[in-house]
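Before any comments, here is the structure.
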Number of protein chains: 2
Amino acid sequence: MIRNLSKLERQKRIKEYISKDPFLSDKKLAELFNISVQTIRLDRLEMGIPEMRKRIVQVAKNTSSKDKVKSLKKEEIIGELIDIELGKNGIAILKTTKDMAFGRTGIIRSHYIFSLADSLAISIIDTEVALTGIARLSYKKPVYAGETLVAKARVARSRGNKYLVSVHVKSDQKEVFTGKLVIFSINDKVKKEKA
Amino acid sequence: MIRNLSKLERQKRIKEYISKDPFLSDKKLAELFNISVQTIRLDRLEMGIPEMRKRIVQVAKNTSSKDKVKSLKKEEIIGELIDIELGKNGIAILKTTKDMAFGRTGIIRSHYIFSLADSLAISIIDTEVALTGIARLSYKKPVYAGETLVAKARVARSRGNKYLVSVHVKSDQKEVFTGKLVIFSINDKVKKEKA
DNA sequence: CACCTATTATTAGCAACTACTAATTGTAAG
DNA sequence: CTTACAATTAGTAGTTGCTAATAATAGGTG
């Protein structure tokens, strides 16, 4: 339980709590903060936070619409895009978990690292659609579940619709992977050719 | 509006409607089917379908967990091991789906194909733990969601704990990917070194 | 003390229910 | 035709988690 907070402080915390767990009812929040339900309601009102039910609906709709609507950049990359300069370079981070590892050893499966590198490389290419053509990968050190990977990609060369992107992945300053990927930017021709 | 359906027929349709749009209240359903709210409630009861609010919560919780996992799931990637001769060769199949593709073009993201190749390559190595060291990948043709990929891997050379595995992935008899992977079999030393 | 803010309490009302009981309609069989 | 039974509809009470509005109370500050 939480006590003796200034109104402002309390409202900040309520906001945090709700954003972490939108399923909290006013009653539960009141218990958590050891104040009355009415105060919670006033606070929500002042901050423009909707009631629990509406929040749940938002969560439900967000996620279902995400699936259908835009499948653009962020969702198509593995890991988190931190910084990007289209056509030049980019940085992405992936926090590794047990799910990505071999059960016995806890070593991250190589294709997760490749996926990070590949999707970063594709996303820095400034074009509608980009496809990987050729790649050379080199795994330097095993990565263990829990380590945070930082991938840096750079467009090394480009000629026409062909880009050479080099990606370096580090964990705790140490290089664990490098890759050179040849990526092609594509227009609708390829699509039609097959479809 | 819908009319004159047998009870069974109606219940089937209600089920469909709800699964398509979990946000439908009993009132709205009653209007859609032109029957009373009570009948809808009885139908839900008989079919064990929870009330709208609970359905929304389910959707919200589902999707929020999807967000966190986001990356790749084991089963999705690896495909199905069809045949394997440890230390020699192996075949795996992956049925591609929209989830694995770029939204706009329907082209399968390259790392799914690599994941298939890589995990097959690793699984034909007859050892406790195997890790990918170096890889050369070549994507020959774009693969579209829905196509079924057949991966064949062969141990081309092996020296000590070092294996060269070549993998060919075909879709409908046509080669879409080839890769050469250098894989190391590992014992506990590596683990200790880092852990 | 009066004034103000913050907090709490109280009441009425709503949506979308559950759970239960009762009435009505339909329909087939004796 | 009537009785029997299922299906449907209606109605009531109670629940959760609210909104909206009004009122009461507590704590300071000038």
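Naming convention: chains lettered A, B, ... in sequence-line order (proteins, then strands); numbering from 1 in each chain. Because the structure is predicted, anything quoted here is derived from the model rather than measured.
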Could you tell me how far apart A:Arg41 (CZ) and D:dA21 (P) are, to the nearest whole angstrom? 15 Å

Would you say the side chains of B:Thr132 and B:Asp118 form a donor-acceptor pair under 3.5 Å? yes

Assess whether a salt bridge exists between B:Lys7 and B:Glu46, defined as any Lys/Arg side-chain N lying under 4.0 Å from an Asp/Glu carboxylate O. yes

I want to verify a distance call: between C:dC17, D:dT9, C:dA9, whose nearest atom is closest to the B:Leu42 side chain? D:dT9

Taking only side-chain nitrogens and oxygens of B:Arg44, does any of them come within less than 4.0 Å of OP1 or OP2 of C:dT18? yes

With nearest nucleotide decided by heavy atoms, which residue, B:Gln38 or B:Met52, maps closer to the 5′ end of DNA chain C? B:Met52

Just to be sure I understand the rule, does B:Arg55 reach a base, reach only the sugar-phosphate, or reach nothing, if contact means heavy atoms closer than 4.0 Å? nothing

Could you tell me whether A:Glu51 contacts a base, only the sugar-phosphate backbone, or nothing, with contacts defined as non-hydrogen atoms closer than 4.0 Å? sugar-phosphate

Minimal heavy-atom distance between A:Thr97 and A:Ile108, with the atoms involved, is O-CD1, 3.7 Å

Distance, rounded to the nearest Å, where A:Glu9 contributes CD and C:dT7 contributes P: 13 Å

Cut-off 3.5 Å, side chains only: do A:Thr96 and A:Glu147 have a donor facing an acceptor? no

Gap between atoms CG and C1', on A:Leu8 and C:dT5 respectively (whole Å): 14 Å

Counting side-chain heavy atoms from CB outward, which of C:dT8, D:dT9, C:dC17 is closest to B:Thr39? D:dT9

Would you indicate what A:Arg10 reaches in the nucleic acid, counting non-hydrogen atoms under 4.0 angstrom: base, sugar-phosphate, or nothing? sugar-phosphate

Out of C:dC17, D:dT9, C:dA15, which has the shortest distance to the side chain of B:Arg53? C:dA15

Interatomic distance, B:Asp43 CG vs C:dC17 P [rounded to whole Å]: 14 Å

Output field: ring centroids A:Tyr163/A:Phe184 closer than 6.0 Å: no

Just the rounded figure in Å: distance from P of D:dT16 to CG of A:Leu24. 17 Å

Please state how far atom CG in A:Leu29 lies from atom C1' in D:dG17, giving the value in whole angstrom units. 12 Å

Rounded off to whole Å, could you give me the CG-to-C1' distance for the A:Leu45 and C:dT8 pair? 16 Å

Over how many whole Å does the gap from A:Ile40 atom CD1 to D:dA20 atom C1' extend? 18 Å

